[in-house]
There are 2 protein chains.
Amino acid sequence: MTQATTKTVRAGLNRDRVLRAAIELADREGLAALSMRRLGNELGVEAMSLYNHIANKDDMLDGMVQTIVEDLNARVGPGGGADAQSDWVTAMRTRILTARAVMLQHKWAPGLIESRSSFSPPLVAYYEGVLATLRAGGFSYDLAHHTLHALGSKAIGFNQELFNPVGAGDSQPDVDIEAMAEQFPHLAEMLADVVHEGPETTIGWCDDQTEFEFGLDVLLDGLERRRTGATRRK
Amino acid sequence: MTQATTKTVRAGLNRDRVLRAAIELADREGLAALSMRRLGNELGVEAMSLYNHIANKDDMLDGMVQTIVEDLNARVGPGGGADAQSDWVTAMRTRILTARAVMLQHKWAPGLIESRSSFSPPLVAYYEGVLATLRAGGFSYDLAHHTLHALGSKAIGFNQELFNPVGAGDSQPDVDIEAMAEQFPHLAEMLADVVHEGPETTIGWCDDQTEFEFGLDVLLDGLERRRTGATRRK
DNA sequence: ACCTGAACACCGTTCAAGT
DNA sequence: ACCTGAACACCGTTCAAGT
């Protein structure tokens, strides 16, 4: 065996390697730090070399999302199995919370998924699984369709929230609760009433696990009621 | 009256004028087209002049959101009035659909609101109104707090959806439904089953009015059931 | 087939200089 | 007090040239 040359250490650059490195860099330093020059540097190569493996930066960002969702699909499977037939709520809940776990590992992914309209095959495959689960649970296509819309980004494990309870340690602990009480009496009273001691496992703002699951369960309950016809709202 | 000089035509540049012009430019050509040089051009001034009225671009983006939400607050009022006391669901529904109408006029706003953590006074004031409405409707602070999380960005009128039904005219009408049926049988069947003829009044993707209201109503129904104790889920 | 270096057309922003 | 012009340190990307 001639074993090639030792310079293979630096070689082997291909699309997948580029995408994995980009994902790792974004995980580590955020999406803003992901420039072509910076990524090239990370891979020991000039920025322009990357263009041999990706079409352009947009293509790279799409590829990053695609890679992550492929990994997610491998974890959740095709959906619509026996578990969904006997209890679609639990099956859906498990699927969505798995997606959420993946998104928590790549906090830049939700923003990226939302900001680009590209609906790649892995993303379609994920939603096919959601739909298969709904159908196994007895949903009509019409109600399943509404459900996909109602779940929105929650179906794939994230929830962009806006309400960021002040004092949650995030660089603004000096909230003037006195002055706030005058202008925003209800918010001030709520903050005094509700103790927020949850861990910092958030996507974006104050979207912690408990709150995510609360919102998800309200939706799932409401959808189940509509499926069984318990809600006859015109 | 000396009436000053006629050069006042171009003068009068101030923070509000800059923000209004930025909003108008973003409405017209999208957020990507909003560069400092471009905006300066629009106002008949060098880009660097803008820095006399705003601290930097981030400050300007914050100001744009702030301006819009101030206008929204003027339209919806403080919340928690007699209407909320007699029927909080309808009061909330009206408030949220008004917010949605504003967001539809400034389609770049949702993305901007989500992407920055700045929680400006007008935004806090809007949520104070949401909370006041919930309290008037008989919510405990604890349930109201969960509700704010559960509503998420829906509370202020938008909903980032991911499911973008192909064939909705949006530059990808050439979907190979044959090939799709093999890989994604449920999605293909649903598309065949559900006719999507809604107007193009969407924020982002396929988030049209009907679907937005469906998801909102599922949530409001579920929340009302929790408020009255109809749902006793541990 | 893959990588490089220089260059282009853009950014946001600083700074010294004008009035 | 407000505006300007040149400059700086970045972008993504093109292109001709190397091996």
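Source: prediction; values computed, not measured. Residue numbering restarts at 1 for every chain, and letters A, B, ... go by the order of the sequence lines.
In this structure, B:L43 places its CG atom 16 Å from C1' of D:dT4, rounding to the nearest Å. Per the geometry, CG belonging to B:N52 stands 5 Å off C1' belonging to D:dC2, to the nearest Å. Taking atom CG of B:L50 as the reference point, atom P of D:dA1 lies 19 Å away to the nearest angstrom. If you measure from atom CD of B:E46 to atom P of D:dC3, you get 11 Å, rounded to the nearest angstrom.
Taking only side-chain nitrogens and oxygens, A:S49 never comes nearer than 4.0 Å to OP1 or OP2 of C:dC2. Under 4.0 angstrom from either OP1 or OP2 of C:dC3 there lies at least one side-chain N or O belonging to A:H53.
Every residue meeting the salt bridge (Lys or Arg N to Asp or Glu O under 4.0 Å) condition with A:E213, not counting sequence neighbours, appears here in chain and number order: A:R93. Legend: residues meeting side-chain contact (heavy atoms from CB on, under 4.5 Å) with B:Y51, ordered by chain and number and at least two apart, are B:M36, B:N56. Legend: residues meeting salt bridge (Lys or Arg N to Asp or Glu O under 4.0 Å) with B:E70, ordered by chain and number and at least two apart, are absent. Remark: A:A144 pairs with A:L131, A:L134, A:F139 by the side-chain contact (heavy atoms from CB on, under 4.5 Å) rule, at least two apart or across chains. Qualifying salt bridge (Lys or Arg N to Asp or Glu O under 4.0 Å) partners for B:R75, counting only residues two or more places apart in sequence or in other chains: none. With sequence neighbours excluded, the residues satisfying side-chain contact (heavy atoms from CB on, under 4.5 Å) with A:H106 are A:I23, A:D27, A:I68, A:V102, A:W108, A:A109. Under the rule for a side-chain contact (heavy atoms from CB on, under 4.5 Å), the partners of B:R38 that lie at least two apart in sequence or sit in another chain are B:L25, B:E29, B:S35, B:E42.
With the 3.5 Å cutoff on both pairing distances, Watson-Crick and G-U pairs in DNA chain C assemble into runs of at least 3 at C:4-8 with D:12-16, C:12-16 with D:4-8.
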- line: Under a 4.0 Å heavy-atom criterion, the protein footprint on nucleotides 12-19 of chain C, written with B, S and -, is BBB-----

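Remark: B:R100 fails to qualify as a cation-pi partner of B:F158 under the 6.0 Å distance and 45° angle criteria applied to the six-membered ring.
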